[in-house]
Each structure stands twice: as C-alpha cells, then as structure tokens.
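Worksheet for the structure shown next.
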Amino acid sequence: MNRPAEPPVSLTIERMGAQGDGLARGPSGKLLFVPLTLAGEQVTAIPEGDRAMVTDWQAKSPDRIDPVCPHYTACGGCSLQHWRAEPYLDWKAQLVREALVREGLETEIRPTFASRPGTRRRIGLHVRATKAGVEVGFKARRSWSLVPIETCSVADPRLVERLDLFRRLGACLLEHPKSAPILHVTLTETGLDVEISGVERKSGGLSADARMRLAEIAAEADLARISLAGEILYQARSAMVRFGRTPVALPTGAFLQACPEAEAYMAETMMQALTGVSRAADLFCGAGTFTFRLAEQATVLAADSAEGAVSALKSAIGLTPGLKTIRAEARDLFRRPVIAEEMKGIEAIVFDPPRAGAEAQTPEIARSGASVVVGISCNPATFARDARTLTDAGFRLEAITPVDQFVWSAHVEMVGVFRR
C-alpha cells in the first residue's frame, strides 16, 4: 500500500550540503535535502523521506544561472550546473576545509583549479532497450532509469560525436534480459578504447555471434580496442596515453584521470613541491601517471596493487630517453604497505590512493626519512584522516590545492604538500 504524499511545504535553503543538495529545515525541524537549490532560496517543495522535491520557487539566489545542457535536471551526471562558477568553486574549497577541521587541522587552501567543460576523456554509458530502440545515456537522478542523451556538456566532443556508434555497440549486448551493460569509453591518443561491463554471465555470457558483431563494428569504426570484462574482443592497436613525455599502453579497465588538464595541473603542483629531489617514491602509482614525471629528475620506487597497471608501467620504462631509474612493484598497499625501512634514502613520497585513502600506508610514510610528502586524493574525509597521521608524526601541512576535475558535481580532488 503506497504511503500518501506529504503536502507541499515552504522551505528556506540554509546552506549547501556535501553532496551538492541544498539543506533546509522542514516544519517539524527535520533536516531535508533539497536537490537543485542554492543557499538563500525560498521554495515550495514536497517532502519525501529525508528529501524534498521543489515544485515552485518564491525567491531565487543571485548566484543561480541557466544550465548549459538540455538534459540537466533529468540526467544524474551533473548536479550543479545552475550555480555560478565563483561560489561553486569556493564551495569545493570549503568541503576540503571542513574535512580538515573535523580532524583538527588548518592550512592554506589555495584557489580551486577549474577544469573546463568538454574536456572529460572518460565516460560510462548505460545501455537499455526502450520502445524507441536501443538507447545509451546516463542514469537519472537517484534512479536506475536511463536518460538517453544526445549531447554531454562535460565530455570531450570527440566522444559525443560517436553516440550513434555506441548505440550500435550497445545493441549487441542485450541478449539476456538481466544484462545491464555499461560502455566505459576512453579517448586515447590512438583512438577509442571501449570496455564493456554489466553483461549477464550466469546464462553463458555474450554469444559468439554478438562478439563477432562487436568486433566487426569496432573494425569498421576504427576503434583502438574493445573488451568485455577484461577480455579483448578486438584490438587494432594499443590504447596509448602519455604521462609527461612517456607513452604508456593502457591495460583494459585501467584507472586513468578523467580530465587530462586536471591531471597535468596536479602533476605540475606535485613537481613544484619536489624541486631538487633526487630520490622519490610513488605509492598507488597506477600505470605511472606521476611516476614518469617524477623520473624526469629523480629515481623512483613505484608500487600499486593493480598488477596490469604496474605491468604497463614496467613495459613503458626505457621508451623515453633521459629518465632516471624506475623500480616498480605490484603490491597490495592496504595489506602489505611499503615499510619505512624499504624507503631508506627516499627524500620525497607521493601517494595517490583510491577513495578509501591510505590508512595502512600513511604510518609508514610518517616513519620514513622523507622530508616532503605530496598527497593526492579524491576524498576530503580520508585525506584529512591521513593528514592527521602525518602531522602527528611531525609533518606540517603546508598547503592544499582543490581540483575541480568532475565539473558541476559534488566531487572534489586535492593536492596537499607536507614538509617536516
């Protein structure tokens, strides 16, 4: 039996929450999350649990602007296109500041680096069969429903212009009703790399005919590679990216920073902090995003749990003249961190963990003899926790630069510099 809808209420948005929703107090004093609103706005909304959906605006913020994408409000990919750039970027810096305060930390927070729209080189397109035919798009806001897209304001235009191709590929993936395919598309220097996930496997997986059709479409479209759950179905050439001066052949499903200019900015910030360093460690190194840039001036000890990424890094060693020695190891840094004794003589350490942070590795960084540490993170909360470990061991958090790599979302990355 459906619960009757609550009656509309008048709300004043008090502030912005960490997920990009406006926060307001309902008539009973209960905190409500109000999507697509801004602080100071007055709205009429219908409460739905701990959320409230706006039906009308009584007063809008002077910081509200018109969204640039026709799919905005339906598509769940962006949540903050309605916010003027300056306060939006200040809010991202505030998310970092609040995470630090919760750990009792303060430091200089530099202006947020703003990636430009239309520069994301990686997208994940969901595939669904609809009455109109096979569609590709993004999930609707707080839903598993698909929003078919005809454009995307954050993606590189070279991805957007191939949407018809992605629909053709998607049509090969719907043999089983339980399949919910996703096309993970990466724009590389040698062409498009498409990794497929979400295809029902218990029923036998994708048929030989479907695999053949995928390979034929990939060849016709001149894709670099197409793979299914790590298995290569077609490859014309390696999917190449460049880290600094070094070309690297990405393994299937490998992590890659979403926006090249954000990656370059984080690397530049890192290198400025490490001027004069001759021996460094790069922990959670992936396929060498920062390793090869470090090797321009320093010998590097690199480690990561992703064996495929480390193998790609090793294969790229020696391709670029003039680099210092790199020693790379596949190693689970959560269960078997690189200990301080293994980093004897290391002057600087860079760590770039996943969202879970580097809880096991950070104490060993703190015990090491390194005089400077650069932490790169996609999660303010775990960064602040790890920063607390380093500062308790005698490091000073010199400064943090927030990075807006995922434009118009609540996601924020950061580069923090620690010195003894």
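Only heavy atoms go into these numbers, but all of them, side chains included; no hydrogens, no water, no symmetry mates.
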**Request:** Give the intermediate values and the outcome of salt bridge (Lys or Arg N to Asp or Glu O under 4.0 Å) for residues Glu6 and Arg51.
**Result:** CA-CA 11 Å; Glu6 296 188 43; Arg51 304 179 72 77; over 6 Å; no

**Message:** side-chain contact (heavy atoms from CB on, under 4.5 Å) for Gln361 and Val338? Distances and angles first, verdict last.
**Reply:** CA-CA 7 Å; Gln361 183 63 69; Val338 178; 3.9 Å; yes

**Message:** Show, in sequence, the C-alpha distance, side-chain angles and deciding distance for Arg168 and Glu220, and conclude whether the salt bridge (Lys or Arg N to Asp or Glu O under 4.0 Å) test is met.
**Reply:** CA-CA 12 Å; Arg168 291 179 62 202; Glu220 178 187 332; 3.3 Å; yes

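Listed here is the closest heavy atom pair of Ala221 and Leu165: CB-CD1, 3.6 Å. Taking every heavy atom of both residues into account, Leu32 and Ala52 meet most closely at CD1-CB, 4.2 Å. Among all heavy-atom pairs drawn from Pro47 and Ala45, the shortest one is CD-O, 3.5 Å. Residues Ser153 and Cys69 share a closest heavy-atom pair of OG-CB, 3.4 Å. The minimum heavy-atom distance between Arg355 and Thr382, with the atom names listed, is O-OG1, 2.9 Å. The nearest pair of heavy atoms linking Cys378 to Glu413 is CB-CD, 4.0 Å.
The number of heavy-atom neighbours closer than 6.0 Å to CD of Glu398, taken from other residues, nucleotides and ligands shown, is above 12. Around atom CD of Gln58, more than 12 heavy atoms belonging to other residues, nucleotides or ligands sit under 6.0 Å away. Within 6.0 Å of CG in Asp50 there are more than 12 heavy atoms belonging to other residues, nucleotides or ligands. Atom CZ of Arg245 sits in a crowded spot, with more than 12 heavy atoms from other residues, nucleotides or ligands closer than 6.0 Å. Within a 6.0 Å sphere centred on CD of Glu359, heavy atoms belonging to other residues, nucleotides or ligands number 12 at most. Crowding of Arg242 atom CZ: a count of heavy atoms from other residues, nucleotides or ligands under 6.0 Å exceeding 12. Atom CZ of Arg84 has more than 12 heavy atoms from other residues, nucleotides or ligands within 6.0 Å.
Here the side chain of Ser409 pairs a donor or acceptor atom with the backbone of Phe406 at under 3.5 angstrom. In terms of modelled atom types and a separation under 3.5 Å, the side chain of Tyr72 and the main chain of Ser79 share a donor-acceptor contact. Remark: the backbone N or O of Met270 is not paired with any side-chain donor or acceptor of Arg293 at under 3.5 angstrom. Under the 3.5 Å distance criterion, the side-chain polar atoms of Ser115 are matched with a main-chain donor or acceptor of Asp404. Counting only distance, with no hydrogens or angles, the side chain of Glu41 and the backbone of Ser61 share a donor-acceptor pair below 3.5 Å. Listed for the Gln405 side chain is a donor-acceptor partner under 3.5 Å among the backbone atoms of Ala258. The backbone N or O of Glu103 lies less than 3.5 Å from a partner atom in the side chain of Arg388, making a donor-acceptor pair. In this structure, Arg121 contributes its side chain and Gln257 its backbone to a donor-acceptor pair below 3.5 Å. Looking at Arg122, its side chain never comes within 3.5 Å of a backbone N or O of Ala155 through a donor-acceptor pair. Formation of a donor-acceptor pair under 3.5 Å by the Arg331 side chain with backbone atoms of Arg336 is found in this model.
One distance of note links CD1 of Ile182 with NE2 of His126; it measures 4.0 Å at 0.5 Å rounding. For the atom pair CG of Leu333 and OG1 of Thr362, the computed distance is 10.5 Å after rounding to the nearest 0.5 Å. Atom CD1 of residue Ile317 and atom CD1 of residue Ile326 lie 5.0 Å apart, to the nearest 0.5 angstrom. The distance from atom CG of Leu214 to atom CG of Asp209, rounded to the nearest 0.5 Å, is 11.0 Å. Going from atom SG of Cys152 over to atom CZ of Arg120 covers 7.0 Å, rounded to the nearest 0.5 Å. Note that the CD1 atom of Ile376 and the CG atom of Asp352 stand 5.0 Å from one another [nearest 0.5 Å].
The shortest side-chain heavy-atom distance between Leu183 and Leu173 falls under the 4.5 Å cut-off. The closest side-chain heavy-atom distance from Val417 to Thr401 is not below 4.5 Å. With a 4.5 Å cut-off on side-chain heavy atoms, Leu274 and Leu294 count as touching. Side-chain atoms of Asp56 and Val43, non-hydrogen and from C-beta on, never get closer than 4.5 Å to each other. Residues Thr119 and Asp156 form no side-chain contact, since every pair of their non-hydrogen atoms from C-beta on lies 4.5 Å or further apart. Annotation: side chain of Thr112 is not in contact with side chain of Asp90 (no heavy-atom distance under 4.5 Å). Taking 4.5 Å as the limit, every side-chain heavy atom of Lys139 sits out of range of all side-chain heavy atoms of Leu146. Using a 4.5 Å heavy-atom cutoff, the side chains of Lys178 and Arg201 are not in contact.
Between Phe290 and Phe351, the ring center distance fails the sub-6.0 Å criterion. Ring centroids of Trp83 and Trp91 are separated by less than 6.0 Å, placing the two rings close together.
Residue pairs meeting the ring-ring contact (aromatic ring centres under 6.0 Å, His included) criterion with at least one member in residues 36-66: none, sequence neighbours excluded. Within the structure, ring-ring contact (aromatic ring centres under 6.0 Å, His included) pairs that include any residue of residues 212-267 comprise Phe113-Tyr265 (at least two apart or interchain).
Checked against Arg211 for a salt bridge (Lys or Arg N to Asp or Glu O under 4.0 Å), the options Glu231, Glu216, Glu175 give a single hit: Glu231. Across Thr188, Asp193, Leu192, Thr190, a single residue satisfies side-chain contact (heavy atoms from CB on, under 4.5 Å) together with Arg225, and that is Asp193.
At a threshold of 4.0 Å, the pair Glu108-Arg110 counts as salt-bridged, since one of the basic side-chain nitrogens sits closer than that to a carboxylate oxygen. Using a cut-off of 4.0 Å between Lys/Arg side-chain N and Asp/Glu carboxylate O, Asp222 and Arg237 are scored as salt-bridged.
The side-chain hydrogen bond (donor to acceptor under 3.5 Å, both in side chains) test applied to Ser227 returns Glu195, not counting sequence neighbours.
In this structure, a donor-acceptor pair under 3.5 Å is present between the side chains of Ser197 and His184.
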